[in-house]
Peer 1: 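Sharing a structure, written as structure tokens. Questions coming.
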Amino acid sequence: MVEYSSPNTNKPLHLGHIRNNLLGASVSQLLTSAGYQVHKTQIINDRGIHICKSMVAWKAMGNGETPESTGEKGDALVGRYYVAFDTTYKKQLAELIASGIHEEEAKSQVPIQLEAQEMLRAWEAGNETVRALWAKMNAWVYDGFAETYQELGVSFDSYYYESDTYLLGKDIVDQGLSSGMFLQKDDGSVWCDLSDEGLDEKLVLRADGTSVYITQDLGTAVLRYKDHPDMNGMVYTVGNEQDYHFKVLFLILNKLGYNWASQLHHLSYGMVDLPSGKMKSREGTVVDADGLMQEMRDTAQNIASSLGKLDGLDKQEKNELYRHIGIGALKYYILKVDPTKRILFNPKESVDFNGNTGPFIQYAYARIQSIVKQSNNLKGNIYMEITLDQKEKELLKWLELYPQTIQNAAEQYSPALIANYVYELVKRFNSYYQKVVILSDDEHTRQFRVRLASQVGYVIQSGMGILGIECPEQM
RNA sequence: GGUCGCGUAGCUCAGCUGGAUAGAGCAUCUGCCUUCUAAGCAGCCGGUCAUAGGUUCGAUUCCUAUCGCGAUCACCA
């Protein structure tokens with residue numbers, strides 16, 4: 001089972017989520033190619049103070065707006081009210097401070113913040129009005145997310161909602177207490193002593209008996225193994241800022257005696273940063289996923305129309321093509337980088353379409369298909385003696401490495417290895433293509449070269465498929 | 001401060017588990033479209049692989065230290 005995505009339901013997805021989704025989806029595909037049966041899942045953070053903030057702001061300022069009434073994507077609408085909350089919060093805080101209240105004290109008195117906290121309490125108490133509003137606004141967000149996922153080309157086999165699972169894990173804490181793995185302090189809080197592992201004590205249950213993050217994760221891990229008893233491994237696609245959390249989580253599960261704890265893997269990836277530093281939604285320094293994808297499509301369209309190679313296609317076919325090329329460029333750009341390394345994304349420098357890029361590879365594929373179509377009178381197996389060109393030898397050698405590359409990439413959970421392999425393959429092929437005429441006049445030579453090209457095309461398509469990138473027949 | 005991760009060309013990155021003159025792309029410059037799609041190919045320029053030690057026949061790769069950058073060390077998720 002591979003888990004990825006894990007969005008909060010109070011704002012639209014951004015570039016960080018794109019990396020998460022692409023990695024998770026691609027690793028799933030990679031593991032499938034390596035022979036595993038994969039189940040893709042996501043956990044959705046649909047409850048908490050963040051969504052309450054959007055709810056409070058929408059109630060106060062929304063005038064009953066809906067995605068239908070504004071024509072806006074649902075997640076964008078809810079995100080707008082999250083921002084509105086923050087704006088109001090800052091304004092009210094400034095007013096309090098101006099009236100002579102100390103900053104620390106003022107922070108605990110901001111009216112809209114108190115409202116949000118009150119709403120969270122009402123939500124937890126099961127208040128029907130609050131729950132209804134919550135369900136309505138989350139539904140808007142899910143519709144918006146669904147659009148984004150579809151555009152991005154990622155999918156899931158199942159969903160876990162935090163509102164269903166946030167109370168899980170308490171049984172496990174009880175078990176831990178009775179087995180002596182956990183200890184309870186005087187105030188009632190429960191801890192796991194990890195000092196023998198060189199770590200500190202870790203809180204697993206609050207003094208008031210409520211769950212913390214790790215309590216839930218203990219619970220959902222056990223739940224997932226109950227839901228999928230045959231499962232022999234689980235991959236958590238989560239940023240490396242949570243390395244410590246997962247280290248602790250796996251250790252505790254191991255201490256509790258779950259024999260599958262050793263099969264858990266944290267697919268830890270680097271953050272996507274901007275030249276200005278970390279993306280912060282509150283400061284508006286995020287690269288919006290939908291906006292970026294649209295930009296990529298537009299760029300693909302601009303390049304294609306200036307090259308004018310697509311005259312034979314109708315409008316719908318062209319749009320599909322722009323999507324495959326634009327999104328392909330984005331996916332390749334993200335996935336070609338070693339997952340463990342952070343990505344520096346400069347919005348001012350658009351993603352390339354030349355060089356080591358998705359379109360470069362797609363283009364090679366399209367040229368190959370064009371050749372194969374012009375020579376579709378291939379006969380059965382032919383044994384022939386031909387002298388191999390040096391570049392043909394290199395190509396054949398490289399093609400042979402593909403299966404092993406998949407295995408290595410799967411072992412390392414690294415789609416980047418596939419991307420680099422395919423890039424090297426295409427480099428070799430392009431060089432060959434330049435040097436040699438594939439549609440040779442000599443029948444035997446032509447047969448061989450077309451087959452070789454066709455095989456290269458097959459591997460390109462397969463490799464790009466692992467990255468979730470379509471290879472158009474023409475571009 | 002403790003822990004973890006990262007420092008390779010002006011920029012973005014490869015370098016597969018230690019092996020020969022460290023490779024690409026972008027950017028600058030130079031060639032190549034009346035034969036299969038020039039989103040391509042060929043070439044020029046560009047590196048003290050952060051620094052200093054150590055292990056080894058051999059280190060960008062492994063170890064240690066130092067410097068720099070980032071993350072984390074919440075009764076937030």
Side-chain angles (χ1 to χ4, degrees), chain A residues 6 8 43 45 47-50 162 166 185 187-191 198-200 202-217 238-245 247-248 268-271 273 275 277-278 299-300 303-304 306-310 325 328-329 333 336-338 340-346 349-375 401 404-405 407-409 411-412 414 416-417 419-421 423-424 426-427 429-441 446 449-450 453 474-475:
Chain A
S6 321
N8 289 341
I43 190 158
N45 303 322
R47 52 144 245 124
I49 193 72
H50 50 269
E162 197 184 286
Y166 81 109
K185 297 205 171 170
D187 64 2
S189 59
V190 180
W191 299 73
L199 303 173
D200 292 334
K202 180 75 185 175
L203 178 91
V204 293
L205 200 66
R206 289 195 188 100
D208 63 8
T210 57
S211 302
V212 291
Y213 183 36
I214 202 159
T215 323
Q216 291 174 45
D217 268 0
V238 183
N240 63 11
E241 56 192 356
Q242 294 194 35
D243 283 355
Y244 182 73
H245 172 76
K247 189 174 177 184
V248 169
S268 163
Y269 63 90
M271 299 289 103
D273 291 329
K278 201 173 177 175
T299 306
I303 294 174
S306 72
L307 291 173
K309 294 183 185 176
L310 305 176
I325 295 170
Y333 176 84
K336 76 171 175 182
V337 180
D338 181 339
T340 63
K341 294 195 175 176
R342 72 180 196 134
I343 288 182
L344 192 67
F345 181 81
N346 191 343
E349 298 168 11
S350 51
V351 175
D352 276 324
F353 283 65
N354 298 314
N356 186 0
T357 66
F360 170 88
I361 293 166
Q362 289 170 322
Y363 181 65
Y365 179 82
R367 292 206 296 196
I368 289 170
Q369 295 319 302
S370 171
I371 291 170
V372 171
K373 277 175 199 155
Q374 290 172 53
S375 179
L401 296 175
Q404 188 56 49
T405 303
Q407 293 304 322
N408 288 346
E411 269 168 39
Q412 297 176 46
S414 176
L417 295 179
N420 286 315
Y421 169 84
Y423 174 64
E424 290 293 332
V426 169
K427 284 286 289 177
F429 178 78
N430 283 348
S431 181
Y432 171 63
Y433 175 91
Q434 198 71 25
K435 184 184 174 190
V436 158
V437 176
I438 292 173
L439 296 175
S440 165
D441 293 335
R446 188 173 61 83
R449 288 180 179 170
V450 170
Q474 178 187 352
M475 66 185 277

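Below, chains carry the letters A, B, ... as their sequence lines are ordered, and counting in each starts from 1.
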Peer 1: Has A/D208 got more than 12 heavy atoms of other residues, nucleotides or ligands less than 6.0 Å from its CG?
Peer 2: yes

Peer 1: Looking across every strand, which nucleic acid part, if any, lies under 4.0 Å from A/L344 by heavy atom: base, sugar-phosphate, or nothing?
Peer 2: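 The residue A/L344 makes sugar-phosphate contact but no base contact.
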
Peer 1: Test A/L205 against every option in A/T215, A/V212, A/I214, A/T210 by the side-chain contact (heavy atoms from CB on, under 4.5 Å) rule and name the one that passes.
Peer 2: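 Single pass found, and it is A/T215.
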
Peer 1: Taking only the P atom of each, what is the distance from B/G43 to B/U3 in whole angstrom?
Peer 2: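 Between the two P atoms, the distance is 49 Å.
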
Peer 1: For B/U12, does OP1 or OP2 lie under 4.0 Å from any side-chain N or O of A/K341?
Peer 2: no

Peer 1: Base, sugar-phosphate, or nothing for A/V426, non-hydrogen atoms under 4.0 angstrom?
Peer 2: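 Nothing, no heavy atom under 4.0 Å.
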
Peer 1: With no hydrogens and no angle check, just 3.5 Å: does a side-chain donor-acceptor pair link A/N420 and A/E424?
Peer 2: no

Peer 1: Could I get a table of every N or O pair under 3.5 Å where one atom is in the protein and the other is in nucleotides 18-25 of chain B?
Peer 2:
unit_1, atom_1, unit_2, atom_2, d
B/A24, O2', A/Y423, OH, 2.3
B/G25, OP1, A/K427, NZ, 3.1

Peer 1: 5'-most contact on RNA chain B: A/N420 or A/Q474, nearest heavy atom basis?
Peer 2: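 By nearest-heavy-atom nucleotide position, the 5'-most residue is A/N420.
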
Peer 1: For B/U35 versus B/A20, give the span between their C1' atoms, rounded off to a whole number of Å.
Peer 2: 40 Å

Peer 1: Return the nucleotide paired to B/U64: Watson-Crick means purine N1 to pyrimidine N3 with N6-O4 or O6-N4, wobble means G-U with N1-O2 and O6-N3, both under 3.5 Å.
Peer 2: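 The answer is B/A52, by the H-bond criterion.
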
Peer 1: Provide the distance between the two C1' atoms, one in B/C33 and one in B/G40, to the nearest whole Å.
Peer 2: 10 Å

Peer 1: Report the nucleotide, chosen from B/A77, B/C36, B/C4, that has the shortest atom-to-atom distance to any side-chain atom of A/I438.
Peer 2: B/C36

Peer 1: Side chain of A/I371 only, heavy atoms from C-beta on: which candidate in B/A77, B/U37, B/C41 is closest?
Peer 2: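 The answer is B/U37, which lies nearest to the side chain.
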
Peer 1: Quick one: is B/A38 close enough that its OP1 or OP2 comes under 4.0 Å of any side-chain N or O from A/R367?
Peer 2: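 Answer is yes, contact under 4.0 Å.
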
Peer 1: What form does the base of B/C44 take, syn (within 90° of 0) or anti?
Peer 2: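 Anti for B/C44; the angle lies over 90° from 0.
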
Peer 1: Paired with B/C4: which nucleotide, if any, by Watson-Crick or G-U wobble criteria at under 3.5 Å for both distances?
Peer 2: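 WC or wobble partner is B/G70.
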
Peer 1: Could you work out which one of B/G40, B/C13, B/C36 sits closest to the side chain of A/V337?
Peer 2: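 Among B/G40, B/C13, B/C36, the one nearest the side chain of A/V337 is B/C13.
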
Peer 1: Will you find, in the side chains of A/S268 and A/D243, an N or O donor that is under 3.5 Å from an N or O acceptor?
Peer 2: yes

Peer 1: Would you call the rings of A/Y213 and A/H245 parallel, tilted or perpendicular, where under 30° means parallel and over 60° means perpendicular?
Peer 2: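 The rings of A/Y213 and A/H245 lie parallel, inter-plane angle below 30°.
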
Peer 1: With both distances kept under 3.5 Å, what pairs with B/C26, Watson-Crick or G-U wobble?
Peer 2: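 Its partner is B/G10 (Watson-Crick or G-U wobble, both distances under 3.5 Å).
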
Peer 1: Say we look at B/U56 and B/C69: how far apart would their P atoms be, to the nearest angstrom?
Peer 2: 35 Å

Peer 1: Drop me the distance from A/K427's NZ to A/F360's CZ, to the nearest 0.5 angstrom.
Peer 2: 5.5 Å

Peer 1: Under 3.5 Å, is there any donor-acceptor pair linking the side chain of A/D187 to the base of B/C75?
Peer 2: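 In this structure, the two groups form a donor-acceptor pair.
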
Peer 1: Expressed as a whole number of Å, how far does the P atom of B/G19 sit from that of B/U61?
Peer 2: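 11 Å, rounded to whole Å.
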
Peer 1: Looking at B/U37, I'd like to know if its phosphate oxygens (OP1 or OP2) sit under 4.0 Å from a side-chain N or O belonging to A/S370.
Peer 2: yes

Peer 1: Atom CG of A/D338 and atom C1' of B/G5: how far apart are they, to the nearest Å?
Peer 2: 11 Å

Peer 1: Do A/L199 and A/Y244 touch side chain to side chain, with heavy atoms closer than 4.5 Å?
Peer 2: yes

Peer 1: Given B/C41, is OP1 or OP2 found less than 4.0 Å from the side-chain N or O atoms of A/N430?
Peer 2: yes

Peer 1: Using the side-chain heavy atoms of A/R206, tell me which of these nucleotides is nearest: B/C75, B/G15, B/A38.
Peer 2: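 Closest nucleotide to the A/R206 side chain: B/C75.
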
Peer 1: To the nearest 0.5 Å, tell me how far A/L307 CG sits from A/Y363 OH.
Peer 2: 8.5 Å

Peer 1: Look at all strands and tell whether A/A364 reaches a base, only sugar-phosphate, or nothing, counting heavy atoms closer than 4.0 Å.
Peer 2: nothing

Peer 1: Measure the CG-CE distance between A/N240 and A/M271 for me, rounded to the nearest 0.5 Å.
Peer 2: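 Rounded to the nearest 0.5 Å, the CG-CE separation comes to 5.0 Å.
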
Peer 1: With no hydrogens and no angle check, do the side chains of A/S440 and A/R449 hold a donor and an acceptor under 3.5 Å apart?
Peer 2: no

Peer 1: Looking across every strand, which nucleic acid part, if any, lies under 4.0 Å from A/F360 by heavy atom: base, sugar-phosphate, or nothing?
Peer 2: sugar-phosphate

Peer 1: Drop me the distance from A/I371's CD1 to A/R367's CZ, to the nearest 0.5 angstrom.
Peer 2: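 Nearest 0.5 Å value for the CD1-CZ distance: 7.5 Å.
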
Peer 1: Can A/Q434 and A/N430 be said to form a side-chain hydrogen bond (donor to acceptor under 3.5 Å, both in side chains), step by step?
Peer 2: CA-CA 6 Å; A/Q434 198 71 25; A/N430 283 348; over 6 Å; no

Peer 1: In terms of side-chain heavy atoms of A/V437, which of B/C41, B/U35, B/C13 is nearest?
Peer 2: B/U35

Peer 1: Determine which nucleotide pairs with B/U21, using a 3.5 Å limit on both distances of a Watson-Crick or G-U wobble pair.
Peer 2: none

Peer 1: Counting only side-chain N and O atoms of A/Y433, is one of them less than 4.0 Å from OP1 or OP2 of B/A38?
Peer 2: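 For B/A38, OP1/OP2 do have a side-chain N/O of A/Y433 under 4.0 Å.
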
Peer 1: When you compare B/G58 with B/A65, how far apart are their C1' atoms, in angstrom units rounded to a whole number?
Peer 2: 23 Å

Peer 1: Rounded to whole angstrom, note down the C1' distance from B/C26 over to B/U72.
Peer 2: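 Each nucleotide's C1' atom is 34 Å from the other's.
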
Peer 1: Restricting to nitrogen or oxygen on both sides, can you table the protein-nucleotides 69-74 of chain B pairs closer than 3.5 Å?
Peer 2:
none

Peer 1: Return the pairing partner of B/U37 with a 3.5 Å limit on both distances, Watson-Crick or G-U wobble; otherwise return none.
Peer 2: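 Partner of B/U37: none found under 3.5 Å.
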
Peer 1: Between B/C44 and B/G25, how far is it from one P atom to the other, in whole Å?
Peer 2: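 It comes out at 12 Å once rounded to the nearest Å.
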
